[in-house]
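Computed over heavy atoms, backbone and side chain alike; hydrogens, waters and symmetry mates excluded.
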Amino acid sequence: MSLYTLVRGFSLSHACPHKLHRVEAMCKELKTTVLRLLPQISNGPLSQTVSLQDRVQILKSTAQALKDGQVVAVPTDTIYGLACLAQNSKAIEKLYNIKGRNVSKPLAICVGEVQDIYKYCKVVVKEELLNELLPGPVTLVLERSATLNSDLNPFTKLVGVRIPDHLFIRRLCQMCNEPLALTSANVSDQTSSIAIHEFDELWPSLAVVVDDGPIADQSRLGSTVVDLSVPDKYRIIRPGCACSATVDVLENKFGLSADNFS
């Protein structure tokens with residue numbers, strides 16, 4: 001049987017034992033679709049790999065859910081995230097409601113390639129700097145352009161932009177041909193998730209959960225968030241998991257200086 005499995009219900013293969021009975025009961029009623037990027041596990045080692053055809057189908061199914069205005073859960077290079085189309089105002093509202101996030105807290109956007117940043121942001125740093133940091137575990141805060149949905153973070157002229165070092169989500173952005181609004185897959189103010197069972201209370205509200213197994217970096221720190229909206233300056237907003245490496249690039253390779261600008 002194909003490893004591409006579109007399940008009406010929940011995949012239990014990664015559920016913690018203490019959650020198993022509760023999740024099994026939920027399976028009888030809920031209709032969340034769990035799509036597995038990782039190989040199916042039997043009683044032994046991984047027996048086969050997920051085919052390219054399977055991965056393409058998973059991408060298509062997830063992209064279609066996004067285009068239908070739904071919210072999905074996806075893996076990134078740091079933690080699992082919740083995503084919707086950034087240009088869809090109703091989907092953004094749904095994302096805030098699912099997460100229980102205060103509407104005064106901004107959402108980042110995720111794009112597939114560095115060149116996409118120029119469409120949605122006003123860039124005041126060298127393209128070489130963008131290419132040095134991205135793809136990677138860094139969120140760059142830049143001034144937004146008029147192209148970006150005005151209902152996304154309407155209280156600020158800035159927006160954080162990510163290109164995770166994870167092929168699936170980058171290809172997903174390319175397939176949707178527009179940015180994703182992205183936030184961590186957890187109830188607001190709770191611990192971020194590095195495996196899908198850790199946010200199973202959100203599954204009933206999600207159209208698709210893409211399972212790529214546990215995130216390799218298990219620090220749960222998320223991306224390093226750095227403001228690059230002022231020429232020749234930078235400000236670390238959140239240290240995250242790549243702070244020292246990011247500061248090294250900004251200061252020693254591109255000559256930016258730290259500043260607590262407002």
Side-chain angles (χ1 to χ4, degrees), residues 76-81 83 86 92 101-167 169-170 173 178-184 186 188-189 191-192 194 215-262:
T76 75
D77 52 353
T78 55
I79 54 179
Y80 273 86
I92 291 170
R101 187 175 179 84
N102 190 309
V103 294
S104 66
K105 292 184 177 181
L107 298 173
I109 63 171
C110 177
V111 297
E113 299 293 341
V114 165
Q115 286 302 316
D116 298 330
I117 297 175
Y118 290 85
K119 183 176 181 180
Y120 302 101
C121 302
K122 298 177 182 179
V123 180
V124 295
V125 296
K126 295 180 179 179
E127 184 174 347
E128 289 81 3
L129 188 155
L130 301 183
N131 288 321
E132 184 76 23
L133 294 177
L134 303 172
V138 184
T139 300
L140 305 182
V141 176
L142 302 166
E143 186 174 347
R144 61 193 295 148
S145 76
T147 305
L148 189 62
N149 182 4
S150 60
D151 289 332
L152 178 76
N153 311 334
F155 45 82
T156 176
K157 66 178 183 178
L158 304 178
V159 66
V161 59
R162 281 218 68 197
I163 305 179
D165 190 13
H166 194 290
L167 188 58
I169 194 170
R170 292 172 60 197
C173 291
E178 60 179 285
L180 304 182
L182 185 66
T183 184
S184 56
N186 54 277
S188 189
D189 298 324
T191 304
S192 56
I194 58 173
I215 302 295
D217 175 10
Q218 301 198 1
S219 67
R220 302 181 189 269
L221 294 176
S223 63
T224 295
V225 182
V226 56
D227 189 330
L228 296 178
S229 62
V230 175
D232 302 319
K233 305 288 185 180
Y234 78 89
R235 177 169 62 98
I236 298 296
I237 297 174
R238 182 179 73 189
C241 64
C243 187
S244 60
T246 300
V247 169
D248 181 61
V249 168
L250 296 175
E251 292 187 354
N252 298 327
K253 193 162 187 177
F254 292 94
L256 274 64
S257 59
D259 192 10
N260 293 322
F261 52 83
S262 57

For this session: Could you walk me through whether C121 and E143 pass the side chain to side chain contact (heavy atoms under 4.5 Å, CB included) test, one step at a time?
Result: CA-CA 6 Å; C121 302; E143 186 174 347; over 6 Å; no

Problem set entry | Working for side chain to side chain contact (heavy atoms under 4.5 Å, CB included), residues L134 and V161 | CA-CA 10 Å; L134 303 172; V161 59; 5.6 Å; no

For this session: Count the heavy atoms of every other residue, nucleotide or ligand shown that sit under 6.0 Å from CG of D248, and state whether that count exceeds 12.
Result: yes

Problem set entry | Donor-acceptor pair, side chain of T78 and main chain of G222, under 3.5 angstrom | no

Problem set entry | Euclidean distance, L107 CG relative to K105 NZ, rounded to 0.5 Å | 11.5 Å

Seminar exercise, completed: Which of L250, D259, V249 passes side chain to side chain contact (heavy atoms under 4.5 Å, CB included) with Y234? Answer is L250

Problem set entry | S145 vs Y118 side-chain heavy atoms within contact, under 4.5 Å | no

For this session: Step by step, work out the side chain to side chain contact (heavy atoms under 4.5 Å, CB included) result for V123 and L142.
Result: CA-CA 7 Å; V123 180; L142 302 166; 4.2 Å; yes

Exercise. Between the main-chain N or O of G81 and the side-chain N or O of S184, is there a donor-acceptor pair closer than 3.5 Å?
Worked result: no

Exercise. Going by atom types only, do S223 and T139 share a side-chain donor-acceptor pair under 3.5 Å?
Worked result: yes

Exercise. Should R170 and D116 be marked as a side chain to side chain contact (heavy atoms under 4.5 Å, CB included) after you check the CA-CA gap, both sets of side-chain angles, and the distance that decides it?
Worked result: CA-CA 11 Å; R170 292 172 60 197; D116 298 330; over 6 Å; no

Problem set entry | SG on C110 to CG on L182, rounded to 0.5 Å | 5.5 Å

Problem set entry | Check: P239 and L221 side chains under 4.5 Å, non-hydrogen atoms | no

Problem set entry | Backbone N/O of V226 and side chain of R238: donor-acceptor pair under 3.5 Å | no

